[in-house]
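What follows is one structure encoded as structure tokens, with my remarks underneath.
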Amino acid sequence: MKHYTFSKNERLCSKRLIEYLFEKGQRFVSFPFSVYWCVVSSDTIPCNAQVLINVSKRKFKRAVDRNRTKRLMRECYRLHKHELYDLLEAKNCKIVLSLSYIQDKKRNYASMDEKYLNMLDQLLCAISNSVQNDK
RNA sequence: AACGGCAACUGUUCUAUCGUCGGUUGUGUAAGCAAUCGGAGGAAAGUCCGGGCAACAUAGAACCACCAUACUUCCUAACAGGAAGGUGUUUUUCAGAAAUGGGAACAACAGCAAGUGCCACAGAAAAUAACCGCUGCCUUUAAAAGCAGUAAGGGUGAAAAUGUGAGGUAAGAGCUCACGCUAAAAUGUAGUGAUACAUUUUAGGGGUAAACCUUAUGGGUUGAAAGACCAAAUAUACCGACAGUUAAGAGUAGGCUCGCUCGUUGUCGGGGGGUAGGUUGAUUGAGACUUUUGGCAACAAAUGUCCUAGAUAAAUGAUAGAACUUUUUCUUUAUGGUAAUGAGAAAUUGACAGAACCCGGCUUAUAGGUUGCCGUUUUUU
RNA sequence: GCCGUUGUAGCUCAGUGGUAGAGCACUUCCUUGGUAAGGAAGGGGUCACGAGUUCAACUCUCGUCAAUGGCU
């Protein structure tokens, strides 16, 4: 039985890791998301991946719109996180990543989900390539 | 009845599944897991005022500078907020012949009669007024020039030196008088007071303080990213113990050797400041609601009941279904036509907006619904 | 969260309450065999928006909107 949870341990809260991520991490854009990700050593974080979800004040003036967009993104991550976790367990590595929303238009859940799946495919591809190259 | 404006109140609900933050309970060495309870607003917004709280500064007081406020009384912890009133301005198909009164709205409503500045263009002149004009004297032939007096009349402009009448004069002028107007002061009456009314005296000074400024009153500065406490890893001031080295050195009565002391290197232990991080500040308070009493009201007092979010890279969400609501279309009520109303189906709509230490206000945004007031149009009596 | 600054022509900016300006850009003409440079003329403004004070507001006051800077 898979648990579609999203607890505190799965969120990126450490200031140091965030600085490390934006300094060393790799970046790609899958519209409307901008993704930074980075492999970390196994004892720094307690679970397979930590994620940072991020919507800019420049894109949405109103706090209501920002909160809504963040909640939708979090929901997408929560429901599809096992695809990411399976790959990471197979490769035996841990990552931190940051998702930024860079469109300035609101969208509903269905459209958000579709875009998220596109992004996820690209991310899985990037991770497996990078890890193979390391070996 | 419809439409519009303003004000006040309200401002979607339920079920299932998967999640999220906090409290409690159980289980577990722990991470966690399970159960259960609770989890955004009238503006949470803007950060425009006032306070609590905290740190820093300061003997106390005065003066200067800067900022804010400015009719009165009251309410309030306090306020640039609120209530009641006064005065003024505007408005009114409300009354009235009119004067005026009533209603409504608005007011940064102390002081240009303290000083300084400014008032474009036009105009003679924008504040020690004199172009045309009027009057007198004098010069030359009339007309014009010069000197003196004057401010009645003229046009300009946003604004032009208190209005009418009489006297007065060479001509005129508050120059004088009468009746007014406006302002200031004094006295009396009413009122807590602003002020109103009456009488007397004085004055006639254009506007502008949202120009500098004057007067009165208030204000120390900075804000929870304030402040307090605990404290990994790494480096380490300092202290102690042990070990090593003369490989740099100093002292130990002049030199050398040995020893000793200081030093130096390493290990271990202690230890201070303090980073990551954590705890606190921080959710029981000028608290909410009910009833009663006092007050025109804002509000106050008493009584009873209740505890009602607390995140921190930042919780309150997603999906599916149902109801309600908005708008549109279709079917039916409707087997003569029109179609109010009711019923059903499909699509569509549900505002403004998200706590960030906490309170009291103000300002701004707000679909739909309810209530009240005002306006317009139509119909009936 | 807290505290500031700015908004004027297509762009960059001036502007003591009294007719809205400069440079670059644009249009037309001159100059040249032609282009550039140069010269002459011209067009182009909701002074961010809404109220108020004033005879008169880009300017003073209040509110709103937008852009932007600082404080860990």
Side-chain angles (χ1 to χ4, degrees):
Chain A
M1 171 75 191
K2 288 176 176 177
H3 289 288
Y4 295 95
T5 58
F6 187 63
S7 65
K8 185 99 178 178
N9 287 331
E10 302 170 53
R11 295 182 221 168
L12 180 55
C13 299
S14 160
K15 199 183 266 188
R16 231 176 236 187
L17 271 176
I18 292 166
E19 277 172 22
Y20 178 76
L21 170 62
F22 282 102
E23 202 171 318
K24 304 271 174 151
Q26 307 180 41
R27 174 171 192 254
F28 66 89
V29 175
S30 165
F31 191 79
F33 302 105
S34 163
V35 182
Y36 280 88
W37 69 278
C38 175
V39 178
V40 296
S41 58
S42 57
D43 52 349
T44 44
I45 54 176
C47 57
N48 284 329
Q50 280 193 333
V51 68
L52 169 77
I53 287 170
N54 173 355
V55 179
S56 167
K57 201 171 187 174
R58 293 286 159 80
K59 303 291 180 190
F60 295 100
K61 280 310 231 189
R62 307 282 175 205
V64 174
D65 302 335
R66 283 201 299 278
N67 280 349
R68 166 114 185 131
T69 309
K70 275 195 274 189
R71 282 164 182 163
L72 286 174
M73 285 166 72
R74 209 167 55 218
E75 201 65 15
C76 289
Y77 180 83
R78 183 173 71 83
L79 293 175
H80 296 292
K81 70 172 184 178
H82 285 287
E83 301 171 28
L84 179 63
Y85 280 20
D86 291 344
L87 180 77
L88 290 174
E89 276 174 26
K91 300 283 185 186
N92 193 19
C93 66
K94 296 189 174 185
I95 64 164
V96 291
L97 75 160
S98 140
L99 301 175
S100 300
Y101 192 80
I102 55 171
Q103 203 180 15
D104 54 359
K105 243 170 43 178
K106 287 188 282 184
R107 47 177 74 236
N108 58 12
Y109 179 77
S111 133
M112 181 71 84
D113 195 46
E114 182 192 337
K115 293 289 180 187
Y116 180 81
L117 286 176
N118 289 343
M119 192 278 296
L120 188 61
D121 286 345
Q122 209 170 334
L123 177 64
L124 293 178
C125 237
I127 291 173
S128 53
N129 286 341
S130 151
V131 172
Q132 274 169 2
N133 290 346
D134 284 354
K135 286 173 186 173

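Below, chain A is the first sequence line, B the second, and so on; all start at residue 1.
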A correct dot-bracket answer for RNA chain C, with pairs being Watson-Crick or G-U at under 3.5 Å, [ ] for crossing pairs and | for inter-strand pairs, is (((((((..((((....[..)))).(((((.......))))).....(((((..]....)))))))))))).

Counterpart base for B/A320, defined by Watson-Crick or G-U wobble contacts under 3.5 Å: B/U15

Of the non-hydrogen atoms in A/Leu12 and A/Leu21, which two are nearest, and what is the gap between them? CD2-CD2, 4.1 Å

Should B/G42 be called syn or anti, with syn set as within 90° of 0? syn

Contact check, side chains of A/Leu79 and A/Asp113, non-hydrogen atoms, under 4.5 Å: no

Rounding to an integer number of angstrom, what distance separates B/A288 and B/G360 when you compare their P atoms? 7 Å

Close side-chain approach of A/Met112 to A/Phe33, heavy-atom, < 4.5 Å: yes

Taking a pair as Watson-Crick or G-U wobble with both distances under 3.5 Å, which nucleotide is matched to B/G146? B/C137

Distance-only, no hydrogens or angles: does the A/Asp86 side chain make a donor-acceptor pair with backbone N or O of A/Glu89 under 3.5 Å? no

side-chain hydrogen bond (donor to acceptor under 3.5 Å, both in side chains) filter on A/Asn67, not counting sequence neighbours, yields none

Pair partner, B/A216 [Watson-Crick or wobble, under 3.5 Å]: B/U69

What integer number of Å spans the P atoms of B/A68 and C/C60? 14 Å

Using Watson-Crick geometry (N1-N3 plus N6-O4 or O6-N4) or G-U wobble (N1-O2, O6-N3), each under 3.5 Å, B/A314 is paired with none

A/Arg66 CZ to B/G354 P, in whole Å, measures 8 Å

What's the gap between B/C118 and B/C179 when it is taken at their C1' atoms, as a whole Å value? 40 Å

Could you give the distance separating B/C299 and B/C74 at their C1' atoms, to the nearest angstrom? 10 Å

What distance do A/Leu124 atom CG and A/Leu88 atom CG have between them, rounded to the nearest 0.5 Å? 8.0 Å

Would you kindly compare A/Arg62 and A/Asn108 by the position of their nearest RNA chain B nucleotide and give the one closer to the 5′ end? A/Asn108

Can you find a pair of side-chain heavy atoms, one from A/Leu99 and one from A/Met119, that are under 4.5 Å apart? yes

Between C1' of B/U20 and CD of A/Glu75, the distance in whole Å: 9 Å

First encountered from the 5' end of RNA chain B, between A/Leu72 and A/Val64: A/Leu72

Spacing of the C1' atoms in B/C79 and B/G50 (rounded, Å): 4 Å

Rounded to the nearest angstrom, tell me the gap between atom CD in A/Glu10 and atom P in B/U20. 8 Å

Donor-acceptor pair, side chain of A/Lys81 and main chain of A/Thr5, under 3.5 angstrom: yes

For B/A288, measure the glycosidic angle (O4'-C1'-N9-C4 for a purine, O4'-C1'-N1-C2 for a pyrimidine) and name it syn if it falls within 90° of 0, otherwise anti. anti

Any side-chain heavy atom of A/Arg74 sitting closer than 4.5 Å to one from A/Arg71? yes

Base paired to B/A226 (Watson-Crick or G-U; both N/O distances under 3.5 angstrom): none

Span that lies between the C1' atom of B/U116 and that of B/G146, in whole angstrom: 41 Å

Within the 4.5 Å heavy-atom criterion, are A/Val35 and A/Gln122 side-chain neighbours or not? no

Tell which nucleotide pairs with B/A241, taking only Watson-Crick or G-U wobble pairs whose two distances are both under 3.5 angstrom. B/U267

Could you pull out the protein-nucleic contacts involving nucleotides 310-316 of chain B (nitrogen or oxygen on both sides, under 3.5 Å)?
{"from": "B/U312", "atom 1": "OP1", "to": "A/Lys8", "atom 2": "NZ", "distance (Å)": "2.5"}
{"from": "B/A313", "atom 1": "O2'", "to": "A/Leu12", "atom 2": "O", "distance (Å)": "2.6"}
{"from": "B/U316", "atom 1": "OP1", "to": "A/Arg74", "atom 2": "NH2", "distance (Å)": "2.7"}
{"from": "B/U316", "atom 1": "OP2", "to": "A/Arg71", "atom 2": "NE", "distance (Å)": "2.9"}
{"from": "B/U316", "atom 1": "OP2", "to": "A/Arg71", "atom 2": "NH2", "distance (Å)": "3.3"}
{"from": "B/U316", "atom 1": "OP2", "to": "A/Arg74", "atom 2": "NH2", "distance (Å)": "3.4"}

Measure from the side-chain N and O atoms of A/Glu10 to the backbone N and O of A/Val51, and report whether any donor-acceptor pair falls under 3.5 Å. no

Given the C1' atoms of C/G44 and C/U27, what is the spacing between them in whole Å? 11 Å

Could you identify the nucleotide paired to B/A253, looking across every strand shown and requiring Watson-Crick or G-U wobble geometry with both distances under 3.5 Å? none

Using atom C1' of each nucleotide, how far apart are B/U376 and B/A346 to the nearest Å? 40 Å

Checking understanding here: a glycosidic angle within 90° of 0 is syn, the rest anti, so what is B/U308? syn

Options B/U319, B/G32, B/G19, nucleotide nearest the side-chain atoms of A/Asn9: B/G32

Could you check if the base of B/G337 is syn or anti? Syn means the glycosidic torsion is within 90 degrees of 0. anti

Just name whichever nucleotide pairs with B/G375, Watson-Crick or G-U, keeping both distances under 3.5 Å, else none. B/C3

In this structure, how many angstroms lie between the P atom of B/C18 and the NE2 atom of A/His80, rounded? 18 Å

